[in-house]
Amino acid sequence: GLATPKVLYIGDSLFADLVDAKREYGWTTAAVTPEVGHEIEMMSRTQYVLSQRSIDLLLTLLRNIQIKQGSGLREDEDLRILDSVEGLVSKWRDQQTLLLGNPFGSVFRARYQPSLFAHSLRRYCDLYMSSVSSLRHYSPQHRFYPSDARLLSHEIGGSNAECWDLDDVLSAGDDVSI
């Protein structure tokens with residue numbers, strides 16, 4: 001029958017064709033998303049890499065400061081320091097938006113959270129690529145095994161906190177190994 005995951009359906013409109021192919025037929029779906037090619041190019045530039053490393057460093061600093069401070073109330077000076085470092089993170093994120101050359105930033109992100117488009121892409125597409133020609137790098141018999149991006153922080157090995165950070169979940173997809 002038609003309802004089999006052995007069919008690879010490639011489309012360029014998430015809601016016009018890919019959602020139905022996934023929902024109604026259970027087909028493996030691949031989205032052609034030209035924006036990803038542009039973003040990969042922009043994100044590989046030195047300025048963008050520097051901005052991302054700066055953000056990562058500042059967020060690690062913020063987490064470590066709060067771990068060191070413990071669960072008690074913060075002094076006013078502690079709060080001013082946190083606010084100041086958070087302000088630096090925000091400035092670096094603004095820089096990333098400018099570097100992407102789009103006034104709205106990434107089509108895949110709303111600041112640091114995945115956009116509705118990214119959530120929908122993850123939900124309804126097994127693969128996505130900037131161009132259908134990207135498939136030329138694979139054998140016609142290649143089998144794709146998409147990673148399970150649905151893991152929550154508490155499902156990731158080594159987590160023992162009682163409150164889980166969704167940023168950790170979203171960034172840990174590539175860090176989880178078996």
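Along the sequence shown, residues are numbered consecutively beginning with 1.
With sequence neighbours excluded, the residues forming a ring pair (Phe, Tyr, Trp, His ring centres under 6.0 Å) with Trp27 are Tyr9, Tyr25, listed by chain and number. Qualifying side chain to side chain contact (heavy atoms under 4.5 Å, CB included) partners for Asn64, counting only residues two or more places apart in sequence or in other chains: Thr60, Ile67. Applying the side chain to side chain contact (heavy atoms under 4.5 Å, CB included) rule to Ala30 yields the partners Leu8, Ile10, Leu127, Met129; only residues at least two apart in sequence or on another chain are considered. Evaluation of the ring pair (Phe, Tyr, Trp, His ring centres under 6.0 Å) rule for Tyr124 yields no partner, not counting sequence neighbours. With sequence neighbours excluded, no residue satisfies ring pair (Phe, Tyr, Trp, His ring centres under 6.0 Å) with Phe15. Under the side chain to side chain contact (heavy atoms under 4.5 Å, CB included) criterion, Glu75 pairs with Asp78, sequence neighbours left out. In terms of the side chain to side chain donor-acceptor pair (under 3.5 Å) criterion, residue partners of Ser131 (sequence neighbours excluded) are, by chain and number, Ser133. Scanning for side chain to side chain donor-acceptor pair (under 3.5 Å) contacts around Asp94 gives Arg111, with sequence neighbours left out. Judged as a side chain to side chain donor-acceptor pair (under 3.5 Å), and not counting sequence neighbours, the contacts of Asp56 are Gln52. Residues satisfying the ring pair (Phe, Tyr, Trp, His ring centres under 6.0 Å) criterion with His137, sequence neighbours excluded, are absent altogether.
In the hydrophobic clustering, Met42 connects to Met43, Tyr48, Leu99, Leu100, either directly or through intervening members, whenever side-chain heavy atoms lie under 4.5 Å apart.
Taking CD1 of Ile55 as the start and NZ of Lys91 as the end, the distance is 13.5 Å to the nearest 0.5 Å.
Sorted by first and then second residue, the salt bridge (charged side-chain N to carboxylate O under 4.0 Å, His left out) pairs involving residues 21-42 (not counting sequence neighbours) are Lys22-Asp126, Glu41-Arg45.
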